[in-house]
Peer 1: 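Below is the structure I would like to discuss, written out as structure tokens.
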Protein chains: 2
Amino acid sequence: MKRRSTPTKEAVLDLLSRRGKAMSQDAIEREIDIDINRATIYRVLNSFCDDGIVHRIVAEDGKQYFAFCINCGENQVPTHHFHFRCTTCKTIECLKEEVHFSLPIGYQVEKVNCILTGTCEDCS
Amino acid sequence: MKRRSTPTKEAVLDLLSRRGKAMSQDAIEREIDIDINRATIYRVLNSFCDDGIVHRIVAEDGKQYFAFCINCGENQVPTHHFHFRCTTCKTIECLKEEVHFSLPIGYQVEKVNCILTGTCEDCS
DNA sequence: TTTATTATTGCAACATAATCGCATTAATAA
DNA sequence: TTATTAATGCGATTATGTTGCAATAATAAA
Ligand SMILES: [Mn+2]
Ligand SMILES: [Mn+2]
Ligand SMILES: [Zn+2]
Ligand SMILES: [Zn+2]
């Protein structure tokens, strides 16, 4: 399915890259300039994830957050990083800190989802 | 609020400890012998979490899983561990592997939720 | 044992997150 | 300019989890 460029996609991607933080669907719908339907936002975000332009983070609040990929490397081995969710300013940011782990023999990892929750510097 | 011992609580806790793996509400309802209302299961699980008898894991499938605490130490400093979710047998298990990280100055962590998803040994 | 207190439970309603079917619109190729 | 089909809006639907309330039952008090 060949992708097409639309105002909606551009606006969402632009917002995510400018924010520099991961955003949830409702935050995007709230903070974006144009009116975009909820289902459409999800579809756009999911396609971005499929294309490796954005990565998805599921927080312990049960919501999905989406972050513009910067060092998520497409060809290179994806180096997983921690995420920090501030319960005060309700943002999620990608941390530099990488996730290191070793698994028991026979286990195969496909996804890594690591989130630290608490209060960020600005809110402390 | 003083806690009371009931057949429901005992059955849920017994199932969790026997399974040795984290279970979701629907899995518990499905695999437990007696009939327990959905809301009740959640209430029981939440109270177990409050009491530190069980710990909660939110997976990237957006669901909550509950695991009987073994080394989650009540008094001792809680040492966070990784969790592994097998998409084949649909189970989540606590790994021995501890989670290590260092945060930027000013950040304060309250919760740690780290999940690796893939295929477990049995299902490989 | 009997009675009183109130934690626990079931049930229905509610809240929220996310997805899906379908008709319409519009980006892009022909 | 026309044809093709990806993208969108809208309403309905599914899924997870919580909450209010009346009924039930565990435990303390008499
Ligand atoms: Mn990230
Ligand atoms: Mn665990
Ligand atoms: Zn903050
Ligand atoms: Zn498995």
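Each chain gets a letter, A, B and so on, in the order the sequences are listed, and its residues count up from 1.
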Peer 1: Taking all atoms of both residues into account, what is the closest heavy-atom pair of B:Phe66 and B:Val54, and its distance?
Peer 2: CB-CG1, 3.7 Å
Peer 1: Mind checking the NE2-NE2 spacing from A:His55 to A:His80? Nearest 0.5 Å is all I need.
Peer 2: 11.0 Å
Peer 1: NA contact type, A:Asp61, heavy-atom cut-off 4.0 Å: base, sugar-phosphate, or nothing?
Peer 2: nothing
Peer 1: Is there a donor-acceptor contact under 3.5 Å from the side chain of B:Asp51 to the main chain of B:Ile53?
Peer 2: no
Peer 1: Search all heavy atoms of A:Ile57 against all heavy atoms of A:Ala22 and return the closest pair with its distance.
Peer 2: CD1-CB, 3.7 Å
Peer 1: Check the distance between D:dT16's P and A:Gln64's CD and give it to me in whole angstrom.
Peer 2: 13 Å
Peer 1: Given atom OH of B:Tyr42 and atom C1' of D:dG20, what is their separation to the nearest angstrom?
Peer 2: 18 Å
Peer 1: At their closest point, which heavy atom of B:Gly52 faces which heavy atom of B:Cys69, and how far apart are they?
Peer 2: O-SG, 3.8 Å
Peer 1: At 4.0 Å (heavy atoms only), tell me whether B:Gln25 reaches a base, stays on the sugar-phosphate, or touches nothing.
Peer 2: nothing
Peer 1: Once you apply a heavy-atom cut-off of 4.0 Å, does B:Asp26 come out as touching a base, just sugar-phosphate, or nothing?
Peer 2: nothing
Peer 1: Heavy atoms under 4.0 Å is the rule here; annotate nucleotides 25-30 of chain D 5' to 3' with B where the base is hit, S where only the sugar-phosphate is, and - elsewhere.
Peer 2: BBS---
Peer 1: My understanding is that only residues two or more places apart in sequence, or in another chain, count here; which of them pass salt bridge (Lys or Arg N to Asp or Glu O under 4.0 Å) with B:Glu60?
Peer 2: B:Arg85
Peer 1: Whole angstrom is fine here: how far is it from NZ in A:Lys63 over to P in D:dG17?
Peer 2: 15 Å
Peer 1: Check the distance between D:dA15's C1' and B:Ile41's CD1 and give it to me in whole angstrom.
Peer 2: 15 Å
Peer 1: Can you measure A:Glu29 atom CD to D:dG9 atom P for me and round it to whole angstrom units?
Peer 2: 10 Å
Peer 1: Mind calculating the distance between CZ (B:Arg38) and C1' (D:dT18) to the nearest angstrom?
Peer 2: 9 Å
Peer 1: Report all interatomic pairs (protein N or O, nucleotide N or O of nucleotides 21-23 of chain D) with separations under 3.5 Å.
Peer 2:
none

Peer 1: Under the rule for salt bridge (Lys or Arg N to Asp or Glu O under 4.0 Å), what residues qualify as partners of A:Arg56, not counting sequence neighbours?
Peer 2: none
Peer 1: Which value, rounded to the nearest 0.5 Å, describes the distance between B:Lys63 atom NZ and B:Met23 atom CE?
Peer 2: 10.5 Å
Peer 1: For residues 98-106 of chain A, dump all side-chain donor-acceptor pairs below 3.5 Å to protein atoms at least two apart in sequence or in another chain.
Peer 2:
unit_1: A:Glu98; atom_1: OE1; unit_2: A:Thr79; atom_2: OG1; d: 3.3
unit_1: A:Glu98; atom_1: OE2; unit_2: A:Thr79; atom_2: OG1; d: 3.4
unit_1: A:Ser102; atom_1: OG; unit_2: B:Glu97; atom_2: OE1; d: 3.2

Peer 1: So, does A:Thr40 get its side chain near the phosphate of D:dA7, meaning an N or O under 4.0 Å from OP1 or OP2?
Peer 2: no
Peer 1: First and last nucleotide of DNA chain C in contact with chain A, 5' to 3', at under 4.0 Å to a heavy atom: what are they?
Peer 2: C:dA17 to C:dT28
Peer 1: Determine which pairs satisfy side-chain hydrogen bond (donor to acceptor under 3.5 Å, both in side chains) with at least one residue from residues 9-21 of chain A, sequence neighbours left out, and list them in order.
Peer 2: A:Ser5-A:Glu10, A:Asp14-A:Arg18, A:Arg19-A:Glu31, A:Lys21-A:Thr91
Peer 1: Taking side-chain hydrogen bond (donor to acceptor under 3.5 Å, both in side chains) as the test, write out the residues that go with B:Gln108, two or more places apart.
Peer 2: none
Peer 1: Among residues two or more places apart or on two chains, list those pairs meeting salt bridge (charged side-chain N to carboxylate O under 4.0 Å, His left out) that have a residue in residues 102-124 of chain B.
Peer 2: none
Peer 1: How long is the line joining CG of A:Asp50 and C1' of D:dA7, in whole Å?
Peer 2: 15 Å
Peer 1: For DNA chain C, which residues of residues 84-91 of chain A approach it to below 4.0 angstrom with any heavy atom?
Peer 2: none
Peer 1: Considering every strand and a 4.0 Å limit on heavy-atom distances, what is the contact class for A:Thr8: base, sugar-phosphate, or nothing?
Peer 2: sugar-phosphate
Peer 1: Going by ring pair (Phe, Tyr, Trp, His ring centres under 6.0 Å), name the pairs with one or both residues in residues 105-124 of chain A, residues two or more places apart or in two chains.
Peer 2: A:Tyr107-B:Phe84
Peer 1: Please table the atom pairs, donor to acceptor, closer than 3.5 Å between any side-chain atom in residues 33-45 of chain B and protein atoms at least two apart or in another chain.
Peer 2:
unit_1: B:Asn37; atom_1: OD1; unit_2: B:Ala39; atom_2: N; d: 2.8

Peer 1: How many Å lie between OH on B:Tyr65 and C1' on D:dG17, as a whole number?
Peer 2: 14 Å
